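Predicted, not measured: the structure shown is a model, and the values here were computed from it. Every number for a ligand or one of its atoms is a count from 1 in the order of the listing.
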Amino acid sequence: MNAKILVLPGDGIGPEVIAKSVAVLEKVAAKFGHNFSFEEALMGGIAIDKTGNPLPEETLRQAEQTDAILLGAVGGPKWDNPTAPVRPEQGLLGIRRHFGLFANLRPVKVYPVLAEHAPLRRELLEGVDMLFVRELTGGIYFGSRQEQGDGDSAYDTMLYSTDEVKRVADVAFRAAQGRRKKVTSIDKANVLAAMRLWRRTVVEVHEDYSDVALEHLLVDAATMHLLTRPSSFDVIVAGNMFGDILSDEASVLAGSLGMLPSASLRSDTFGLYEPIHGSAPDIAGQGKANPTGTILSAALLLRYSLQLEDEAQAVEQAVEQTLADGARTADIAPKSGSYISTDEFADTVLSHI
Ligand code: IPM
Ligand code: MG
């Protein structure tokens with residue numbers, strides 16, 4: 001098949017890990033007889049430096065002509081001035097919103113060979129395999145706001161409509177039907193009106209999915225349950241901010257934030273794929289970054305945007321074999337154990353495809 005992919009390397013370790021992910025897609029194309037073409041564009045801090053805009057028009061124009069977007073990471077101390085008129089993160093929020101990518105899928109899986117690396121006891125981690133479905137284009141991230149800096153108060157509004165909740169709940173229930181048939185919905189219905197609407201709507205949507213079990217958890221309780229009974233979760237559906245926070249917490253179960261991919265989708269096959277980690281400026285340029293999250297994001301791109309399931313699995317299996325070989329980047333190396341570079345790790349993945 002022919003596919004056009006827009007690559008947004010971004011800032012910090014973004015360019016290093018993106019290069020590995022592109023190499024993986026090129027290997028897949030060669031092995032399976034596909035023709036993938038790659039174009040690169042600016043977003044984030046680097047786009048601010050070069051154009052003054054974290055999400056240049058040119059980037060959006062290019063993105064509109066592609067089948068999928070592969071993104072590294074954005075942000076860094078250089079652009080972290082709280083009074084700056086533009087921030088790299090606006091690029092990320094802007095592109096999610098521009099393309100209406102309302103469903104953010106974040107699978108969290110514990111590789112048995114990494115279980116000892118996570119801070120929880122091994123027996124608690126057995127069988128952990130959950131899928132976060134985070135609402136990505138609404139809620140407090142996009143409510144009305146008064147920017148801070150010009151007064152002695154500031155606000156952000158958490159707003160959800162039933163349609164926004166319905167469509168993301170549908171994604172969650174459908175995903176659960178293909179998995180262990182359980183959805184946990186996260187809210188704060190005991191305090192927030194928007195979250196009462198969330199819960200009511202999820203209950204309504206559930207009527208169409210009688211084969212799926214539904215559980216509700218308040219977000220504060222959910223932070224505990226994620227650590228005390230992580231393997232009991234299948235699909236977790238949450239609003240924008242709670243999904244952001246809980247998916248970072250859950251990533252610890254996998255041993256490192258560097259392991260986890262994500263897909264941001266709408267109702268068709270177009271999507272944006274990025275690791276859930278940030279730009280890690282402290283280790284940028286040192287060959288220490290773990291490319292796994294970005295490589296697994298390429299696997300999700302193959303699965304969801306290109307519908308190439310065999311190819312997606314080939315990438316996921318190559319990562320598993322690489323870990324089984326004992327290959328470890330710095331973040332997943334045993335304490336005082338040795339580790340290999342981003343390049344060496346990615347080469348091992350490539351050799352297994
Ligand atoms: C994420 C990140 C972003 C978010 C930031 C960088 C804007 O934390 O993708 O989880 O909050 O959505
Ligand atoms: Mg986050």
Practice problem: Look at the side-chain heavy atoms of Ile, Leu, Val, Met, Phe, Trp and Tyr, link any pair under 4.5 Å apart, and say whether Val17 and Leu92 land in one connected group. | Solution: no
Practice problem: Assign the ring pair Tyr209 / Phe173 to parallel, tilted or perpendicular, where the plane angle (0 to 90°) is split at 30° and 60°. | Solution: parallel
Self-check item: Validation row: Leu323, Ile332 side chains within 4.5 angstrom (heavy atoms)
Solution: yes
Self-check item: Residues lining ligand 1 [heavy-atom distance under 4.0 Å, listed by chain and residue number]
Solution: Glu89, Leu92, Arg96, Arg106, Arg134, Tyr141, Asp244
Quiz item: Is there a side-chain contact between Leu253 and Leu120, using heavy atoms and a 4.5 Å cut-off?
Solution: yes
Quiz item: Would you call Lys20-Asp347 a salt bridge at under 4.0 Å N-O?
Solution: no
Self-check item: Phe38 and Phe36 aromatic ring geometry - parallel, tilted or perpendicular at 30°/60° bounds
Solution: perpendicular
Practice problem: Before giving the answer on side chain to side chain donor-acceptor pair (under 3.5 Å), spell out for Glu215 and Thr184 the whole-Å C-alpha distance, their side-chain angles and the decisive distance to 0.1 Å. | Solution: CA-CA 5 Å; Glu215 157 186 67; Thr184 303; 2.7 Å; yes
Quiz item: Side chains of Tyr339 and Asp331: do they bring a donor and an acceptor to under 3.5 Å?
Solution: no
Practice problem: For the residue pair Leu246 and Glu249, establish whether any side-chain heavy-atom pair is separated by less than 4.5 Å. | Solution: yes
Quiz item: How many protein N, O or S atoms sit closer than 2.8 Å to the Mg ion (ligand 2)?
Solution: 1
